[in-house]
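Below: one structure, written as structure tokens.
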Amino acid sequence: VLKCDSSDGEECSGSTHKRLHKGSNESDEGSIFEPRVDLRLEICDPDNIWSSATIVKVQKAETKKRGSSPPLHNVTIRYDGWGAEWDETLPFEGNERLERFGKYTKRLKCLVDLLPKRGKKCSTLWPCIVHARAPNPLVSLENYLLAEKFLREEPNVFIKPYGMNEKYLPQSIVSTSAHGGRWLNAARIRMWRNDLKSLDGKLSSSFHSAYKLAEEDDSVPDILTYGAFPPKAGSLIHGKYRAKPEGYPEEEEMNKDDGSSSISTNESAKSCNIPIVANPCPSNQLIYEPPATLPPAVKVDTSIYPLSNIKKSSKTGKWIAAFTKNGNEIILGCDFKTQTEAHNAIQAVTTKQSYPPKPLTIGTAKAQDMENLSLKTVVSLDLMQTSDTSKSGFSLHEWTVQHTKHKGYELEKFRAKFEELKKERELRAIEKGERKQKKRKLGK
């Protein structure tokens, strides 16, 4: 067994050493001898996609005895850009799903179309770090191409703007960011520029301060080049940034026109018998098909209003509304059919309204319950209720893709309605003009 001695006398087993140690010419961030909190690493999800992550909790699975092998650990991993509800707890030593930080995923300096528009002369770019995920090259070619397909269908990438802690960014952007950054469409990612004179638009002093932080950041030595995120490739970064399995079709060099590879998605899928579904309807028709890859419905027994004292009765199945005053819990009712009705009753008492709230119909109250219950909350409840995620049939990437498609459908539906109203107004204006011309002719 390959072993190495650390500065404090501890030893590291061969499997962990090979997987998680870097060479002497690499950063100290990857040189570890045992798992620790805030350790950066990479994790491969069930869809064979590597993502950057952080250890948030470490537990020893066995006690260390003299003369025995090093203790085993269970670690809790948090994906970059995701909340605590998506954490995974798994063994650390010898785990094929864990790798040292920076082996497959990429962190690249880039410019992002992030700032709100403040006129034609002001630039909307901001220096950021983009986190590029990658398919797992250790799996079969079919699974590798399927992971590529997932990334192509997922348009958003996670970025971390420079200067968030220093308050260089506008407060409107900081307040809407979460988990240290935000998810943006890959089409808004721009290549890094060493010469700021080539940028269009006026750059603020805050931009220059954040740009200086990026230049001094040695932890991210690589920069994003032209065509790294080809058009219609979603969040899949160009092939020159990725490791590929044996038998992968050779790609052409990066094309300055579009940066796309020499093989299309359909050709890659056909080579490995991945089913391709053609669009059955014309482009001018909007037909929405409900997502079939989402998990089954889950029963919500918890309050969707986190600041309200709302509980569900196990006997009647109805909701109980209560509030606390002077250390005493006062129950307002035990027979509310929806959480919205219970929440409104609590608000009417605690906010001292001079008139009772307007009564809601059952349909309206249930609709408000659904609006306050996010789809992400439903999915997290499914994961908590299912101990074995492999048997639940749930895929995080499939859910994200379906959620994005639904948003796109709603946007297209709104645009189509707007175009119809626009055409109706134009027709009314034409008819109004024709009537005016007839009146003028009759007057003459």
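Between the side chains of S235 and E154, no donor N or O sits under 3.5 Å from an acceptor N or O. Side chain to side chain, R193 and Y211 fail the donor-acceptor criterion of an N or O pair below 3.5 Å. Defined by atom type and a distance below 3.5 Å, a donor-acceptor pair is missing between the side-chain atoms of Q347 and Y305. For the residue pair R133 and T105, no side-chain donor N or O sits within less than 3.5 Å of a side-chain acceptor on the partner. In summary, the side chains of T361 and T364 do present a donor paired with an acceptor at a separation below 3.5 Å, with no hydrogens or angles considered. Counted by atom type alone, Y241 and T225 present one or more donor-acceptor pairs between their side chains at under 3.5 Å. T89 and T76 are linked by a side-chain donor-acceptor pair at a separation below 3.5 angstrom, with hydrogens and angles left out of the test. Donor-acceptor pairing under 3.5 Å is recorded for the side chains of H73 and E93. In the model, R182 has a side-chain atom that pairs as donor or acceptor with a side-chain atom of T176 under 3.5 Å. The closest side-chain donor-acceptor pair between D113 and T124 falls under 3.5 angstrom.
Using a cutoff of 4.0 Å between basic side-chain nitrogens and carboxylate oxygens, K423 and E419 are not scored as salt-bridged. Salt-bridge formation is not detected for the pair D335/K318: no Lys NZ or Arg NE/NH1/NH2 atom is positioned less than 4.0 Å from an Asp or Glu carboxylate oxygen. Using a cut-off of 4.0 Å between Lys/Arg side-chain N and Asp/Glu carboxylate O, R97 and E88 are scored as salt-bridged. Comment: K337 does not engage D369 in a salt bridge, judged by the lack of any side-chain N to carboxylate O separation of less than 4.0 angstrom.
Between Y104 and W50, the ring center distance clears the sub-6.0 Å criterion.
A donor-acceptor pair is defined here as one N or O able to donate and one able to accept, closer than 3.5 Å; no such pair exists between the side chain of K106 and the backbone of H131.
Between L199 and L111, the closest side-chain pair of non-hydrogen atoms falls below 4.5 Å. Here the side chains of F158 and S51 are not in contact, with every heavy-atom distance at 4.5 Å or above.
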Under the side chain to side chain contact (heavy atoms under 4.5 Å, CB included) rule, what do I362 and E341 come out as? Steps first, then yes or no, please.
-> CA-CA 9 Å; I362 296 298; E341 293 175 314; 4.0 Å; yes
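Under the 30°/60° scheme for interplanar angles, the aromatic rings of F418 and F414 are found to lie parallel.
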